[in-house]
There are 2 protein chains.
Amino acid sequence: MKYSKQREIILKTLEQNAVHPTADQVYALLHAQHPGISLATVYRNLNLLAEMNVIRKITGLDGATRFDHNTHSHHHFVCSKCHKVYDVAYEIAPALIAEAAAQSGLAIESCDITLRGLCPDCITKN
Amino acid sequence: MKYSKQREIILKTLEQNAVHPTADQVYALLHAQHPGISLATVYRNLNLLAEMNVIRKITGLDGATRFDHNTHSHHHFVCSKCHKVYDVAYEIAPALIAEAAAQSGLAIESCDITLRGLCPDCITKN
DNA sequence: TCTAAAATGATAATAATTATCATTATTGCG
DNA sequence: CGCAATAATGATAATTATTATCATTTTAGA
């Protein structure tokens, strides 16, 4: 794998925008400063970085795949109203995996937990 | 909402094929016996039935949305090799929700848990 | 039986993502 | 340094999953 300026910019953009953006959103965030970078390159590099575990790919929240610069194991809360994504600490998962493994007999390697509800902002605005 | 023969067939197909099929797969399963039914009708009815909580929509496993005739709360295990989907009992979730709510202060209404690993078939075949 | 509302099939449109391919950039070596 | 091999890029076509459109057909109730 070779260095590329574009990859560096894409990663930096993701790090500076910790809002779990989609590929499209990363592209939009870049585009003002770096109008030359193509959407295909954004997709390519986000997928590459995710394969290398430099960043994390999140599916199953809404329509599009989102990307997260935070590779520490953690989970996500999606607001059912505004669709903002919040991080939730990991501590719960190991106990859950152990329990699920015991109950099902499956060889569980990892787990994704997606929580849903109304976020604080949407609750107070109601 | 009015009765339709197509909806009945679509639901029956899903019940008789508890493999968490995608809309496309439901369509393929139907098509041999009922070549008249259109793919659009399959999508429409799966979404309708999911809104009415007669069936359940599962996103975030792989690429496409899957459908599950089992509406009892439960979770899913996806084999990283063969991508088959297994059901996992619900018991773990309430404790997890309580713990996550306590830690994060978020108003959690529901949670989806997706477990990953190698399924028994793929383990023995290795 | 008649009519309004809902559902259908066929297909166009959209959205997200991946593939293609000619051109450009990076890297390591002589 | 300069050059070849390899990887990455930009532009865009292609693909996949899904939703929208709309004329026609079904359903259900008066």
Side-chain angles (χ1 to χ4, degrees), chain A residues 1-14 17 19-52 54-68 76 78 83 85 112 114, chain B residues 1-14 17 19-52 54-68 76 78 83 85 112 114:
Chain A
M1 189 184 198
K2 283 180 186 171
Y3 169 84
S4 93
K5 192 173 294 185
Q6 288 87 338
R7 182 151 48 236
E8 185 176 0
I9 291 166
I10 290 164
L11 179 56
K12 194 182 295 173
T13 302
L14 190 62
N17 294 277
V19 293
H20 310 84
T22 63
D24 247 350
Q25 292 174 320
V26 171
Y27 175 74
L29 287 163
L30 289 172
H31 199 255
Q33 305 294 324
H34 308 274
I37 297 181
S38 129
L39 178 59
T41 301
V42 172
Y43 269 101
R44 252 189 310 245
N45 281 295
L46 289 174
N47 283 328
L48 261 175
L49 292 166
E51 266 172 50
M52 296 166 60
V54 177
I55 65 172
R56 190 170 145 193
K57 207 168 173 170
I58 321 170
T59 58
L61 295 189
D62 290 283
T65 302
R66 292 164 174 277
F67 295 88
D68 194 340
H76 297 106
V78 198
H83 301 106
V85 179
D112 286 342
T114 303
Chain B
M1 188 185 196
K2 285 181 185 170
Y3 168 86
S4 94
K5 192 173 291 182
Q6 287 86 340
R7 182 151 48 235
E8 185 176 358
I9 290 166
I10 289 164
L11 179 56
K12 194 182 296 173
T13 303
L14 189 63
N17 294 276
V19 293
H20 311 82
T22 62
D24 246 351
Q25 291 173 321
V26 172
Y27 176 73
L29 286 163
L30 288 173
H31 199 255
Q33 305 293 325
H34 308 274
I37 297 181
S38 130
L39 179 59
T41 300
V42 172
Y43 270 100
R44 254 189 308 245
N45 281 296
L46 289 173
N47 283 328
L48 260 176
L49 291 166
E51 267 174 47
M52 299 166 57
V54 176
I55 65 173
R56 190 170 146 194
K57 207 167 172 169
I58 320 169
T59 56
L61 296 187
D62 288 282
T65 302
R66 291 165 175 277
F67 294 88
D68 194 340
H76 296 106
V78 199
H83 302 107
V85 179
D112 285 342
T114 303

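In what follows, chains are A, B, ... by sequence order, proteins preceding strands, each numbered from 1. Computed from a predicted model, the values in this text were never measured in an experiment.
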Measure the [atom1]-[atom2] distance between [X] and [Y] for me, rounded to the nearest 0.5 Å.
| X | Y | atom1 | atom2 | result |
| --- | --- | --- | --- | --- |
| Lys5(A) | Thr41(A) | NZ | OG1 | 14.0 Å |
| Leu49(B) | Leu11(B) | CG | CG | 5.5 Å |
| Arg56(B) | His76(B) | CZ | NE2 | 5.0 Å |
| Asp24(B) | Leu29(B) | CG | CG | 10.5 Å |

Query - Contact under 4.0 Å: Ser38(A) side-chain N or O vs dT9(D) OP1/OP2 - result: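 No, outside the criterion.
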Query raised in the report: Is any side-chain N or O of Thr65(B) closer than 4.0 Å to OP1 or OP2 of dT18(D)?
Result: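 So the side chain of Thr65(B) is within the cut-off, an N or O lying under 4.0 Å from OP1 or OP2 of dT18(D).
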Query raised in the report: Got Phe67(B) and His20(B) here, is their nearest side-chain heavy-atom distance under 4.5 Å?
Result: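 No, their side chains stay 4.5 Å or more apart.
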Requested in this report: In sequence, state the C-alpha distance, the side-chain angles, and the governing distance for Thr13(B) and Ile10(B), and then conclude on side chain to side chain contact (heavy atoms under 4.5 Å, CB included).
Outcome: CA-CA 5 Å; Thr13(B) 303; Ile10(B) 289 164; 5.7 Å; no
Report task. Have a look at the helix from dT1(C)-dA30(D) to dG30(C)-dC1(D) and give the angle its two end axes make, five pairs each, rounded to 10 degrees. Result ->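 That helix has its two terminal axes inclined by roughly 20°.
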Find the distance [X]:[atom1] to [N]:[atom2] and express it as a whole number of Å.
| X | N | atom1 | atom2 | value |
| --- | --- | --- | --- | --- |
| Ile9(B) | dA7(C) | CD1 | C1' | 14 Å |
| Tyr27(B) | dG9(C) | OH | P | 9 Å |
| Arg7(B) | dG9(C) | CZ | P | 12 Å |
| Asp24(A) | dT14(C) | CG | P | 16 Å |
| Leu46(A) | dT9(D) | CG | P | 11 Å |
| Leu11(B) | dA7(C) | CG | C1' | 16 Å |
| His34(B) | dT8(C) | NE2 | C1' | 16 Å |
| Ile37(A) | dA8(D) | CD1 | P | 15 Å |

Query raised in the report: Contact class for Thr22(A) vs. all strands (heavy atom < 4.0 Å): base, sugar-phosphate, or nothing?
Result: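 Nothing, no heavy atom under 4.0 Å.
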Query raised in the report: Quick one: what's the B/S/- string for nucleotides 19-30 of chain D, heavy-atom cutoff under 4.0 Å, read 5' to 3'?
Result: BBB-----BS--
Query raised in the report: What heavy-atom pair brings Leu46(B) and Ile55(B) nearest, and what distance separates the two atoms?
Result: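 Looking at all heavy atoms of both residues, the closest pair is O-CD1, 3.4 Å.
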Report task. Examine distances only and state if a side-chain atom of Gln25(A) and a backbone atom of Thr22(A) form a donor-acceptor pair shorter than 3.5 Å. Result ->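 At least one qualifying donor-acceptor pair exists.
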Query - Arg7(B) side-chain N/O to Arg44(B) backbone N/O, donor-acceptor pair under 3.5 Å - result: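 The answer is no, because no donor-acceptor pair under 3.5 Å joins these two groups.
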